[in-house]
Amino acid sequence: MKRTLAIETLGNISETIKVQGWVHSRRDHGGLIFIDLRDHTGIIQLTIGDGSEGFGTAEELRDEYVIEATGKITERSEDLKNPKIRTGSVELLVESLIILNKSEALPIQVNSTQYINEDNRLRYRYLDLRRPKMQDTLKKRAEYYTYIRKYMESNDFTEVATPILANSSPEGARDFLVPSRVHQGMFYALPQAPQQFKQLLMVGGVPRYYQIATCFRDEDPRADRLYGDFYQLDLEMSFVDNGEEVRSTMEPLIKNLVTEFGGKKLLSDSIPRITYADAMNKYGSDKPDLRFGMELTDLTDELRDCGFGVFTNAISQGGAVKAIKVSSQFSRSQIDEMTEKAKAEGAGGMPYMVIENGQATASIAKFFSPEDLNKIVTKLEANDGDTIIFGSDKLEKVNKVLGSLRSYLGDKLDLKDPDTVALAWIIDFPFYEFDEKLNKLDFGHNPFSMPKGGLEALESDDKLGIVADQYDMVANGYEICSGAVRNHNPEVMYRVFDVLGYDKEYVESKFGAMLSAFKFGAPPHAGCAFGLDRIFMVLTNEENIREVIAFPKNGSGVDVMMNSPSSADPKAVKELGIKSLK
RNA sequence: GGGCUCGUGGUGUAGAGGCCUAACAUGCCUCCCUGUCACGGAGGAGAUCGCCGGUUCGAAUCCGGUCGAGCCCGCCA
């Protein structure tokens, strides 16, 4: 076994050993120097007395010097043991000491848990990574990959690598383009996902494919979304024509990742299937956090003829009135903050009322008759001390605003148990959506999924009612997986685009390879892709996804350590046939 | 592209018109110290308060612009 600073590998008491690592801290008592030596496994105390051969060297040491020490492992006397570190019952009595490399004064401290702003951490990521927490993250992430691979292999999935230099895809996120030198004026694109390749693998006779795939998207990041490249567990299964088979194949892995690997509780052992429509109506989100209730209640019918113009107007214009009940009361400033939140989501304001002594008071209560108030209180089962928050507008807007407030209040009221993971499958996404901005029909998710009901369903007059055989998995309010039963039938493919007004030529120009492949005996197939960074983030209770990878870009896509992106050698640019640079 | 918040010694913060010749913690440098483990003690260096402009007798503090960061909206099939 390689000698590390883990207690198990240090050797026996009074054995003479050699250890290497970084100077975590140094305590100089004049004639006696203590050094905390650190490596990826932990810390051991080195003790050097005046008179020992290494003493002179020990006096020169500074934080983060890299050293090698030789000495005798010695048990500490009872009163000197330090229970805070794993090796605290022993220390190394140093006989000789070598400096392997020095360190300048540090821009960020390694031996501290003090908050450091992220810009500095990323600029000196190699120092940041030395910190025990980041060491643990990297180690745990490697175990996570192993755990996943083991499951996939034991379920007969074959790992296949797909190209990084791929093709631009017309739907979806913005591509990273790579200019071709050999074919000037032409571009590769880094894959947003191996979507088309994995479907071609199905046509290619691979029964079950998986890959821990790097995916590239040039879109603005978020706390739960990396800029540039990120990782997916991408998989696909042939001769599968229903999503349930994919879901039940992958469920055990995710559940075990939560419990066995992550050491957390599942909210429920059986994972609910919730339709997109139900999720939107009950939680105002297609990625609801199910760890708490506070569901949206529809009051449209009850309040159609109420005395409050804001509500009746919304309803008469085809909109809805909904409410959430919160078992809590709020200060003026809290209400203001929530109102700001609602406005940020597009609401005009945040009407609310408070139930006190069996009476509704505050904000908009005065606009309602006792009968209307009674309907509200009854439907929401509201009690003294509850606050009822309303939304009225188009249904989609109401869902969005109240869904956002629900999540916000879940945080504020501490309803999100960090030790519990609530999983759910969201199913039956709408195939088409109405794009308000372009004032036309567009794909809801992706054009590769099979419409439920196939060709026949596409003929429906209610295009917005067509459901895709498409499913997401959500965990604690995060979307962690997206998948679908794929459309492997060229006729259906043409028709899917035809509904949006795209002709055959368009489809062939964009998806030529897939379409022609599908003409040569494509098996039905289905699959999905899990966001590995995001799942790991949930499992480790991190709120920022940049905490779970070694070298993330910052919010504007810059690697502040490596200084990328950067300008290129003009010669290389010229060779690519690119003429104009700013 | 838009909104909100932030920018003060190496690091993390305080200061919110004059008390600032800018404070505290930590780090750094010098010296003392043989049982510390966030060692302790004495001394010292280090910031024109992101940048530009304005208001004012006076600006780290107020205003405008600009640059950078974080979060959110848009975007992310």
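What you are looking at is a predicted structure, and each value in this text was computed from that prediction instead of being measured. Naming: A, B, ... by sequence-line order, numbering from 1 per chain. These numbers come from the heavy atoms of this one structure, side chains and all, not from hydrogens, waters or symmetry mates.
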Looking at every strand, decide which applies to A/Q195 at a 4.0 Å heavy-atom threshold: base, sugar-phosphate, or nothing.
base
Closest approach of A/V474 and A/E479, non-hydrogen atoms and distance?
CG1-CA, 4.3 Å
Can you tell me the Watson-Crick or wobble partner of B/rG43, both distances under 3.5 angstrom?
B/rC29
Could you please name the option among B/rC37, B/rU11, B/rA38 that lies closest to any side-chain atom of A/R76?
B/rC37
Taking atom P in both B/rG64 and B/rC4, compute the distance separating them and give it to the nearest angstrom.
11 Å
Residue met sooner reading RNA chain B from 5', once A/R225 and A/R26 are mapped to nucleotides:
A/R26
Measuring only the P atom in each nucleotide, how far is B/rU8 from B/rG40? A whole number of Å is fine.
27 Å
Any N or O donor-acceptor pair under 3.5 Å from the base of B/rU11 to the side chain of A/R121?
no
Starting at atom CG of A/D79, determine the distance to atom C1' of B/rC37, rounded to an integer number of angstrom.
13 Å
Confirm from the modelled atom types if A/N117 and B/rG7 form a donor-acceptor pair under 3.5 Å, side chain to base only.
no
Of all the choices, B/rC76, B/rC29, B/rU13, which nucleotide is nearest to the side chain of A/R62 once you look at every atom?
B/rC29
Between B/rA60 and B/rC51, how far is it from one P atom to the other, in whole Å?
11 Å
With no hydrogens and no angle check, just 3.5 Å: does a side-chain donor-acceptor pair link A/S77 and A/D79?
yes
Which whole-number value in Å describes the distance from A/E59 CD to B/rU30 C1'?
14 Å
Using the side-chain heavy atoms of A/N554, tell me which of these nucleotides is nearest: B/rC73, B/rC37, B/rA69.
B/rA69
Nucleotide paired to B/rC51 in any strand shown, Watson-Crick or G-U, under 3.5 Å
B/rG65
Give a yes/no answer on whether the side chain of A/K343 brings an N or O atom under 4.0 Å of OP1 or OP2 in B/rG3.
no
Taking CG from A/D224 and C1' from B/rC75, how many angstroms apart are they, rounded to a whole number?
13 Å
For nucleotides B/rG68 and B/rG58, find the distance between their C1' atoms and express it as a whole number of Å.
30 Å
Show the nearest heavy-atom pair for residues A/M294 and A/L413, with the distance to one decimal.
CE-CD1, 4.3 Å
Counting side-chain heavy atoms from C-beta on, which of B/rC37, B/rG74, B/rG35 comes nearest to A/R27?
B/rC37
Mind calculating the distance between CD1 (A/I48) and C1' (B/rG35) to the nearest angstrom?
14 Å
B/rG70, B/rA69, B/rG12: which one has an atom nearest the side-chain heavy atoms of A/D119?
B/rA69
Ring-face cation contact, A/Y494 with A/K504, 6.0 Å cut, 45° max
yes
As a test of reading the structure: which of B/rC76, B/rC28, B/rG10 is closest to the side chain of A/E219, going by heavy atoms?
B/rC76
Ring centroids of A/H29 and B/rC39 base under 5.5 Å with planes under 30°
yes
Against the side chain of A/Q109, the closest entry in B/rG70, B/rC33, B/rG10 is B/rG10
Does any donor atom in the side chain of A/D234 or A/Y209 lie under 3.5 Å from an acceptor atom in the other side chain?
yes
Using both distances under 3.5 Å as the test, list the Watson-Crick or G-U wobble partner of B/rG1, or none.
B/rC73
Rounding to an integer number of Å, can you tell me how far A/I35 CD1 sits from B/rC39 P?
13 Å
Measure the distance from CD on A/E543 to P on B/rG70 and round it to the nearest whole Å.
16 Å
Going by atom types alone, do A/N554 and A/S556 pair a side-chain donor with an acceptor below 3.5 Å?
yes
Report the C-alpha distance between A/F518 and A/F511 in whole Å, list the side-chain angles of each, state the deciding distance to 0.1 Å, and finish with yes or no for ring pair (Phe, Tyr, Trp, His ring centres under 6.0 Å).
CA-CA 11 Å; A/F518 287 174; A/F511 309 105; over 10 Å; no
Less than 3.5 Å between a donor and an acceptor, one on the side chain of A/Q114 and one on the base of B/rG27, is that the case here?
no
Between B/rU36, B/rU11, B/rU13, which one does the side chain of A/Y115 approach most closely?
B/rU13
Residue whose closest nucleotide on RNA chain B lies nearer the 5' end, A/P447 versus A/R546
A/R546
